[in-house]
Number of protein chains: 2
Amino acid sequence: MGVDCHHPESAQPGLEGLALADAVAAAANKCERTRERLTPPRRRVLELLLEADGPMKAYDLIAAYGQDGEPAKPPTVYRALDFLERLGFAHRIESLNSYVPCRMEGSSHRAAFLICECCGTAEEFEPDFAPQFAAAEAAGYAVRTVTLEARGLCPACKPEA
Amino acid sequence: MGVDCHHPESAQPGLEGLALADAVAAAANKCERTRERLTPPRRRVLELLLEADGPMKAYDLIAAYGQDGEPAKPPTVYRALDFLERLGFAHRIESLNSYVPCRMEGSSHRAAFLICECCGTAEEFEPDFAPQFAAAEAAGYAVRTVTLEARGLCPACKPEA
DNA sequence: GCCTCAGCGTTATGAAATAACATAACCAGG
DNA sequence: CCTGGTTATGTTATTTCATAACGCTGAGGC
């Protein structure tokens with residue numbers, strides 16, 4: 001990432017095997033309940049996000065899309081990402097042009113991340129936007145969504161542990 | 001913007017005349033005090049940001065750069081933007097790929113915006129990140145910068161005023 | 001003076017995202 | 001059923017956003 005770093009790549013292991021299957025199944029169930037369709041490209045992109053060790057760029061997804069090494073066409077992946085974001089299965093991290101699977105239980109239109117500038121991990125956390133909301137309402141704004149991205153060093157990368 | 005809107009473009013008038021000159025002079029003074037150089041391209045990009053009625057895209061700046069209609073070369077503008085961001089004279093709005101001049105007094109490494117999805121204005125406000133900071137520190141993170149972007153409708157664009 | 005280095009101009013390229021349009025699958029109502 | 005509306009996909013091309021790389025210049029320390 002921005003800062004050179006001697007630490008091992010990413011402290012955020014991707015899912016595999018059963019855990020991966022479970023996560024995908026959970027998403028599929030949620031889709032059925034809401035009459036949404038987890039189609040093959042959408043499922044595939046979700047898998048890739050869940051398997052990854054950290055935020056993925058859209059073109060990483062494009063390159064990794066085909067099991068045989070065949071890349072996807074960009075719109076395929078971007079449309080899947082739109083869907084996954086809309087359903088709350090994934091988030092875009094604006095300051096990285098990257099995407100992560102949602103790690104929170106209750107999906108909402110809120111997203112907040114702690115981004116390590118050393119190892120590149122992006123940890124999702126449950127934000128408390130009360131003060132910001134209050135400020136916005138005081139100014140007469142009707143807030144729809146809020147995104148927050150904090151950048152710094154994660155515990156593993158902090159100089160003095 | 002995203003939502004179609006009948007309202008007039010942007011409620012955020014740019015600076016002109018004396019106000020513009022004052023704002024640029026203030027930046028120049030601040031630079032002198034810190035031994036930084038407000039060179040012609042940097043000054044020009046700052047002017048353009050201050051004159052604008054709302055967030056500007058990098059390529060808008062590039063197109064508007066020359067007084068005679070001559071566009072700038074991309075690196076010229078991107079380098080100036082890097083400088084202005086570093087000094088706290090401008091902010092990048094990630095979710096819009098756009099830039100605004102800093103409207104706050106005390107420059108800091110924090111930035112928070114209320115972005116109207118109707119008219120496209122982006123109002124900077126003073127964020128209170130106390131709860132987020134607490135959450136981050138609790139998780140062992142050393143936070144360096146925080147950006148927050150809230151999207152919704154500004155007072156002028158809200159349905160029932 | 002002369003060296004160093006931040007800043008600039010320039011060319012070229014890389015990376016991220018979307019426009020546009022044709023085709024195919026889903027599914028509700030007759 | 002089958003037919004018409006809606007949703008999703010495939011494909012080609014293009015647009016938008018951002019940076020790499022390299023050489024030149026000018027300001028300020030020694």
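Naming: A, B, ... by sequence-line order, numbering from 1 per chain. These figures come from a predicted structure and were not determined experimentally. For the numbers below, each heavy atom of this structure counts, side chains included, while hydrogens, waters and symmetry mates do not.
- For A/A23, the side-chain contact (heavy atoms from CB on, under 4.5 Å) test picks out A/L15, A/L50, with sequence neighbours left out.
- Every salt bridge (Lys or Arg N to Asp or Glu O under 4.0 Å) that B/E47 has, sequence neighbours left out, goes to B/R44.
- Here B/E123 pairs with nothing under the salt bridge (Lys or Arg N to Asp or Glu O under 4.0 Å) rule; sequence neighbours left out.
- If you take NZ of A/K73 and P of C/dA19, they are 19 Å apart, rounded to a whole angstrom.
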> Which string of ( ) [ ] | and . matches DNA chain D, if you list each base 5' to 3' and count Watson-Crick or G-U pairs only when both distances are under 3.5 Å?
Replying inline: ||||||||||||||||||||||||||||||
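- The CD1-P distance, from B/I62 to D/dC17, rounds to 9 Å in whole Å.
- Side-chain contact between A/V143 and A/F133 is present, with at least one heavy-atom pair separated by less than 4.5 Å.
- Rounded to whole Å, atom C1' of D/dC17 lies 14 Å from atom CD of A/E94.
- Looking at heavy atoms from C-beta onward, B/F129 lies in side-chain contact with A/L148 at the 4.5 angstrom threshold.
- Looking at heavy atoms from C-beta onward, B/L49 lies in side-chain contact with B/M56 at the 4.5 angstrom threshold.
- Among residues two or more places apart in sequence or in another chain, the side chain to side chain donor-acceptor pair (under 3.5 Å) test is passed with B/S98 by none.
- Annotation: side chain of B/C102 is in contact with side chain of B/E124 (closest heavy-atom distance under 4.5 Å).
- Qualifying salt bridge (Lys or Arg N to Asp or Glu O under 4.0 Å) partners for B/R43, counting only residues two or more places apart in sequence or in other chains: none.
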Report, one pair per line, the protein and nucleotides 12-16 of chain C atoms (nitrogen or oxygen only) whose separation is under 3.5 Å.
{"residue": "C/dA16", "atom": "OP1", "partner": "A/K57", "partner atom": "NZ", "Å": "3.2"}

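- Within residues 38-51 of chain B, no residue has any heavy atom under 4.0 Å from DNA chain D.
- Among residue pairs with one or both ends in residues 72-86 of chain B, those qualifying as side-chain hydrogen bond (donor to acceptor under 3.5 Å, both in side chains) are B/E36-B/R86; sequence neighbours excluded.
- Summarising the geometry, the separation between CD on A/E36 and C1' on D/dA8 is reported as 12 Å, rounded to the nearest angstrom.
- B/C31 has its side chain out of reach of B/R37: every pair of non-hydrogen atoms, C-beta onward, lies at least 4.5 Å apart.
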With a 3.5 Å cut-off and sequence neighbours excluded, list the donor-acceptor pairs that the side chains of residues 58-69 of chain B form with protein atoms.
{"residue": "B/D60", "atom": "OD2", "partner": "B/K57", "partner atom": "N", "Å": "3.3"}
{"residue": "B/D68", "atom": "OD1", "partner": "B/E70", "partner atom": "N", "Å": "3.1"}

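- Here B/A122 pairs with B/P55, B/I93, B/F113, B/I115 under the side-chain contact (heavy atoms from CB on, under 4.5 Å) rule; sequence neighbours left out.
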> Taking protein heavy atoms under 4.0 Å as touching, what does nucleotides 22-30 of chain D look like 5' to 3' if B marks base contact, S marks sugar-phosphate-only contact and - marks none?
Replying inline: ---------
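- Distance A/E32 CD to C/dC27 P: 11 Å, rounded to the nearest Å.
- Here D/dG10 presents its C1' atom at 11 Å from OH of A/Y65, a figure rounded to the nearest Å.
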